[in-house]
Amino acid sequence: MTTLSRPPAEPGSAKRTRGGSFRAWLLHDLHQSQALHQGPHALPQGHEKKHSWWQVMCLTGVDYFSSLGYAPAIAVVAAGVVSPLATLVLVVVTLFGALPVYRRVAVESHSGSGSIAMLERLLPRWGGKFFVLALLGFAATDFMITMTLSAADAAAHLIANPLIPGWLQGQNIGVTLFLLALLAAVFLRGFKEAIGVAVVLVGFYLCLNAILVVVTLGDAVTHPLKVDDWWQALTTSQGNPALIIGVALLVFPKLALGMSGFETGVAVMPQIRGDANDTEEYPAGRIRGAKRLLTTAALIMSTFLVTSSFTSVVLIPQKEFQPGGAADGRALALLAHEYLGVGFGTAYDLSTIAILWFAGASAMAGLLNLVPRYLPRYGMAPQWTKATRPLVLVFTAIGFFITLIFAANVDAQGGAYATGVLVLMTSAAIAVTLSARRRQQRKSMIGFGIVAVVFVYTTLTNMIERPEGIQIAAIFIAGTIVVSFISRARRSFELHATSINFDETAIEFIAQAESGPLQIIAHEPLRLTGQAYRDKLESAREVSHIPLTDNVLFLEVIVDDSSDFETELEVHGVMRHGYRVLEVHGPVVPNTIASVLLHIRDVTGLMPHIYFRWTEGNPVRNLLRFMFFGEGEIAPVTREVLRQAVPDVTQRPWVHVG
């Protein structure tokens, strides 16, 4: 077996100029396997320690639990006095909708790829690729807005603290940009011990929130007039109980960012320590731990969401939630200062700032693993996107742009964040519904189908109410698709094979040509009659003057899925009508032929000669067929692939066309 995809030159082999040193630093991890980047989402290598499910839950928590920093304030802004009931609806959807869906995702996508990988398997070929690209656009929206929104809220908590110097007042944009730059610096330097940091941050943060909730609930209970005032405002504004429930059902989609941690929960699954007898095909211990993680996180978050939304709306005047108000984006922090003093409030601010900043780290790491997992494999991103540092710089620049566009306003980014979260959850619900249907599990299919309908409604409602979310997502999707297809076109003439294996029969066929030259005739696999092989052989001999005594092999490429890019090739030797045939399945005919020829050259030391006939038809149409269907102008494209792969003409397999 040989590896044929050509990586960029080793940085160390280049001359140590200043530019070369910077390039070497920038691309230092280019040759790592995908999804091994450092950070909260990084997949552990075989020798690295894995962790208990509750420790890994803290990785989910830096994204999921950190939304407590801004969710209660956003809920009151969106739903007013109805926010506790709307939050209760959100909790019901979380526990009886999202949780069962993602417990199923954990079973079927236990490698950390999440629901996107499930849909990729269910929807193959170009249609599936377009769908995955669209989902990647929404995922990018989710993760990028997580970074910018979390940094903006962290800045709001920092600036609003009474111990902070007055000259920082009103500098939300500058502080947010500084936090994003600090996040980039950490990832450019290298991010280690993520779980240890997450456990400390989440543990401390949840303890402070538990104390705060107990104290504020106690105050609400001991001062029933505050609860009465809230109840009177609720019943006066809405009229009757049925209308109140209806309003709660209508406005709960605006609170959807309270469900943000589920996709992250399945993304960190490979970090969970499984059983000793776990297999990669079905790691039962890892799956069981992931289910405990998802369930426990959902219960904790649901409890805090309901209690915090209640105390926020009861104890804080409505005017404080308006832009510039004391509770704008920091309702619980305001309660911490008012009910537990400046010392506790400052500790709460620092804890909130830290966990919000680390939520940005989780989002950055999610992007660093998401892009290399899909786009380079599709041929829809340059090779340098497999390296961490260039992507960090790109994502940081995008984060700066989003921060400036939204002026570091937490509420303004809520719609885009909720859109990204809801689309991913809707896709997960659809994925498990399709999976249950394929497995003929009727009850599960109906149940998950109902959940999918609820999420579709929630997503559409959110898009209508907050159109800026779909607008931002559309920009990400359009950018992803445009950049992806430009990259695919630029990489069309690369070798696609990551490895090639010949079976025993194929090896025997090659070995019969002891001294060479090794002569191979390209043949269309649609014409498999004995007469077709005889005609092709006689034509090749007549046009190319192949001696009758030479051993000749036929090479046939069967195109399975032309939308694939990086593939492992399996070459099988087959006898047909007395002729020796090398049969291989691949996504693109010319690139597959070039990979097989180079493999034969490397293994045998013989220089292969490949014989083609010219392809009939319009060259432009044939080029489009090559780009989208893997066929088209075979002979010249094969020669071009070989030319780019092997600059030295003396080391390049021969291409004959007649």
Side-chain angles (χ1 to χ4, degrees), residues 4 6 489 491-497 500 506 509-510 513 516-529 531-559 562 569 571 576 579-602 604 606-658:
L4 295 176
R6 265 192 319 130
R491 298 186 64 189
S492 293
F493 299 104
E494 291 183 11
L495 295 169
H496 293 186
I500 300 181
F509 289 170
I510 298 297
L518 185 58
Q519 295 165 321
I520 302 172
I521 298 175
H523 184 252
E524 300 85 353
L526 298 178
R527 302 169 62 241
L528 302 180
T529 65
Q531 186 62 42
Y533 286 103
R534 284 193 294 273
D535 291 344
K536 194 65 171 282
L537 179 57
E538 290 302 322
S539 175
R541 283 175 170 165
E542 181 178 351
V543 174
S544 303
H545 307 291
I546 303 175
L548 293 174
T549 57
D550 284 3
N551 292 319
V552 176
L553 293 174
F554 287 89
L555 176 58
E556 299 174 352
V557 178
I558 301 171
V559 177
S562 59
L569 299 180
V571 182
R576 288 203 185 99
Y579 297 100
R580 294 173 301 153
V581 180
L582 299 178
E583 183 183 271
V584 57
H585 291 249
V588 186
V589 175
N591 309 65
T592 302
I593 290 175
S595 296
V596 172
L597 294 177
L598 290 175
H599 179 78
I600 293 173
R601 181 204 66 180
D602 294 339
T604 66
L606 300 176
M607 188 60 69
H609 290 246
I610 183 79
Y611 297 87
F612 295 97
R613 287 193 299 200
W614 288 112
T615 304
E616 296 295 327
N618 184 282
V620 176
R621 187 181 298 113
N622 284 333
L623 180 61
L624 294 175
R625 287 178 60 207
F626 162 68
M627 295 288 296
F628 291 98
F629 302 107
E631 299 173 343
E633 204 74 62
I634 306 299
V637 175
T638 301
R639 193 262 180 189
E640 179 60 19
V641 173
L642 289 169
R643 188 189 68 82
Q644 292 196 18
V646 186
D648 185 355
V649 67
T650 63
Q651 299 299 314
R652 194 183 303 156
W654 287 82
V655 176
H656 305 268
V657 189

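Predicted model only: the values in this text are computed from it and were never measured.
Side-chain contact between Leu495 and Gln644: absent, with no pair of heavy atoms (C-beta onward) separated by less than 4.5 Å. Side chains of Ile510 and Leu553 form a contact here, defined as non-hydrogen atoms less than 4.5 Å apart.
When the side chain to side chain contact (heavy atoms under 4.5 Å, CB included) test is applied to Ala540, the partners found at least two apart in sequence or on another chain are Ile521, Ile546. With sequence neighbours left out, the side chain to side chain donor-acceptor pair (under 3.5 Å) criterion links Gln651 to no other residue. A search for side chain to side chain donor-acceptor pair (under 3.5 Å) contacts involving Glu583 returns Arg576, not counting sequence neighbours. For His656, the ring-ring contact (aromatic ring centres under 6.0 Å, His included) test picks out His609, Tyr611, with sequence neighbours left out. Residues satisfying the side chain to side chain contact (heavy atoms under 4.5 Å, CB included) criterion with Arg534, sequence neighbours excluded, are Gln531, Tyr579.
A donor-acceptor contact shorter than 3.5 Å is absent between the side chain of Lys536 and the backbone of Arg527. Asn591 places no side-chain N or O within 3.5 Å of a backbone atom of Thr638 that could act as its donor or acceptor partner.
Pairs engaging residues 642-656 under the salt bridge (charged side-chain N to carboxylate O under 4.0 Å, His left out) rule: Glu640-Arg643 [sequence neighbours left out].
For the pair Val657 and Val655, the tightest heavy-atom approach, listed with the atom from each and the gap, is CG2-CG1, 4.1 Å. Scanning all heavy atoms of the two residues, the minimum distance from Ala645 to Leu598 falls at CB-CD1, 4.2 Å. Counting all heavy atoms, side chain and backbone alike, Ala506 lies closest to Leu582 at CB-CD2, 3.8 Å. The minimum heavy-atom distance between Ile610 and Ala522, with the atom names listed, is CD1-N, 4.0 Å. The two residues Arg601 and Pro608 make their nearest non-hydrogen contact at CB-CD, 3.9 Å. Shortest non-hydrogen contact noted between Ile500 and Ser595 is CD1-O, 3.3 Å.
Rounding to the nearest 0.5 Å gives a distance of 6.0 Å between CD1 of Ile634 and CD1 of Ile593. Note: His523 NE2 to Asp535 CG = 9.0 Å, rounded to the nearest 0.5 Å. Interatomic distance, Glu556 CD to Thr592 OG1, rounded to the nearest 0.5 Å: 13.5 Å.
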Exercise. So Phe554 and Ile520, side-chain contact (heavy atoms from CB on, under 4.5 Å) or not? Walk me through it.
Worked result: CA-CA 6 Å; Phe554 287 89; Ile520 302 172; over 6 Å; no
For this session: Evaluate the side-chain contact (heavy atoms from CB on, under 4.5 Å) criterion for residues Leu597 and Leu642: first the C-alpha distance (whole Å), next the side-chain angles of each, then the deciding distance (0.1 Å), finally the verdict.
Result: CA-CA 9 Å; Leu597 294 177; Leu642 289 169; 4.2 Å; yes
For this session: Could you walk me through whether Val571 and Leu555 pass the side-chain contact (heavy atoms from CB on, under 4.5 Å) test, one step at a time?
Result: CA-CA 10 Å; Val571 182; Leu555 176 58; 5.5 Å; no
Problem set entry | Chi angles and distances behind the side-chain contact (heavy atoms from CB on, under 4.5 Å) call for Val588, Val557 | CA-CA 8 Å; Val588 186; Val557 178; over 6 Å; no
